[in-house]
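Accompanying notes for the structure given below.
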Amino acid sequence: MSIRIGILGYGNLGRGVECAVKHNPDMELVAVFTRRNPEEVKILTETAKVYHVDQAVGMKDEIDVLILCGGSATDLPVQTPEFAQYFNVVDSFDTHARIPEHFAAVDEAAKKGNKTAMISVGWDPGMFSLNRLYANAILPGGKDYTFWGKGVSQGHSDAVRRIEGVLDARQYTIPVESALEAVRNGENPELTTRQKHTREVFVVAEDGADKARIENEIKTMPNYFDEYDTTVHFITAEEMAANHAGLPHGGFVIRTGSTGWEDEHKHVVEYSLKLDSNPEFTSSVIAAYARAAYRMSREGQTGCKTVFDVAPAYLSLETPEELRAHML
Ligand code: NDP
């Protein structure tokens with residue numbers, strides 16, 4: 001029998017999860033729930049239907065895992081604890097500083113309903129977190145580096161769009177190549193924010209807008225740009241549509257450390273991602289963890305979990321026997 005999946009929230013991630021379900025033969029999409037008018041939300045899966053979010057709890061016995069695809073800022077802190085009482089859930093909550101309080105709220109709800117809840121699943125947090133943990137466990141005295149990009153930051157793009165005179169904007173975060181090389185060479189550099197990443201912004205401005213003012217407002221924006229070297233390009237709406245429609249991202253998690261009695265041997269552990277579509281890759285990680293949530297819930301492992309709590313074999317389409325035979 002397939003794992004019956006529900007999606008709650010149909011934005012970039014919701015669409016990505018729909019595609020990921022298609023790529024996983026042990027899963028089937030049953031329903032998509034939205035806060036909008038369901039008739040206005042068009043999905044691709046012919047065998048599934050769109051419902052209003054208020055109908056979700058009434059369908060709890062028809063869904064094995066509900067995947068929460070709302071935004072981290074305001075949707076998930078409310079939705080994940082709310083639905084973890086009724087469903088096994090997976091979310092991609094990515095406000096790192098608030099993960100402990102989100103965990104506590106979801107854990108209480110999931111335990112109340114005897115459900116399994118996985119939070120903060122994706123690539124960062126998610127696959128990057130796992131790789132940080134493995135490398136830390138193996139090289140306890142080492143040093144961690146995380147670089148992001150080249151990729152689109154939705155938050156920074158939105159911040160530029162709010163500037164007066166800006167019609168559209170896309171912001172790319174780019175790792176500084178020389179900093180990456182120094183880390184890979186085992187030089188253990190101390191890097192400031194400015195030395196690790198640069199920012200590149202493409203802007204479509206209103207006709208007659210003061211471009212010098214817009215550029216200055218971007219470069220001096222507190223928290224978003226003031227600590228970085230930023231390049232601003234003004235382009236046409238046509239160029240934006242042709243060259244900047246995608247949502248690529250990626251990055252590098254590196255740990256350097258040493259072993260031997262006198263620390264005479266140096267090691268560099270690196271995990272890198274180069275993603276054509278951030279939401280589709282994130283959704284593919286989520287699908288694998290939805291399988292784990294399903295299996296762990298059937299074993300009675302309830303409450304809130306993160307990627308740290310899931311043994312790798314739970315993620316795979318293959319059985320532990322198959323994995324031992326050809327993947328060890
Ligand atoms: P979106 O803004 O595309 O979607 C968020 C929600 O907005 C949707 O669930 C949907 O809810 C609503 N929405 C979407 N489109 C429309 C529309 N046209 N009109 C009205 N409402 C709409 O966000 P993403 O899917 O790109 O990202 C969701 C979250 O995923 C991010 O906040 C981020 O925190 C997280 N993320 C985590 C990653 C990780 O590595 N852990 C990586 C990437 C993202 P509804 O259908 O109910 O209206």
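Quick note: residue numbers are just sequence positions, from 1. Start at 1 and go down the list; that is how both ligands and their atoms are numbered.
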Which atoms of ligand 1 have any heavy atom of [X] under 4.0 Å away?
| X | value |
| --- | --- |
| Ser92 | 30 (O), 35 (C), 36 (N), 37 (C), 41 (N) |
| Val121 | 41 (N) |
| Thr34 | 45 (P), 46 (O), 47 (O), 48 (O) |
| Pro125 | 39 (C), 40 (O), 41 (N) |
| Gly122 | 39 (C), 40 (O), 41 (N) |
| Trp123 | 39 (C), 40 (O), 42 (C) |

**Asked** Between the main-chain N or O of Val65 and the side-chain N or O of Asn88, is there a donor-acceptor pair closer than 3.5 Å?
**Response** no
**Message:** Given 3.5 Å as the limit, does a donor-acceptor pair link the side chain of Arg15 with the main chain of Ile43, or not?
**Reply:** no
**Prompt:** Looking just at side-chain N and O atoms, do Thr236 and Glu239 make a donor-acceptor pair shorter than 3.5 Å?
**Reply:** yes
**Request:** Would you please say whether a donor-acceptor pair under 3.5 Å links the side chains of Asn278 and Thr282?
**Result:** yes
**Message:** Below a 4.0 angstrom heavy-atom separation, can you tell me which part of Cys69, side chain or backbone, both or neither, approaches ligand 1?
**Reply:** backbone
**Message:** Walk me through whether Trp148 and His197 qualify under ring-ring contact (aromatic ring centres under 6.0 Å, His included).
**Reply:** CA-CA 8 Å; Trp148 293 275; His197 298 95; 5.6 Å; yes
**Item:** For atom 48 (O) of ligand 1, closest protein heavy-atom neighbour
**Value:** Arg36 NE, 2.8 Å
**Request:** State, to 0.1 Å, how close Val53 and Phe33 come at their nearest heavy-atom pair, and which atoms those are.
**Result:** CA-CB, 4.0 Å
**Message:** Could you check whether any heavy atom of Gly70 sits closer than 4.0 Å to an atom of ligand 1, since that is the contact criterion I want to use?
**Reply:** yes
**Message:** In this structure, does ligand 1 have an atom that sits under 4.0 Å from one of the heavy atoms of Pro279?
**Reply:** no
**Fill in**
Closest to atom 38 (C) of ligand 1 by heavy-atom distance, out of Val50, Thr74, Thr282, Ile119, is Thr282
**Item:** Closest to atom 3 (O) of ligand 1 among Leu8, Asn12, Val41, Leu76 (heavy-atom distance)
**Value:** Asn12
**Message:** In this structure, is the centre-to-centre distance between the rings of Tyr172 and His244 below 6.0 Å?
**Reply:** yes
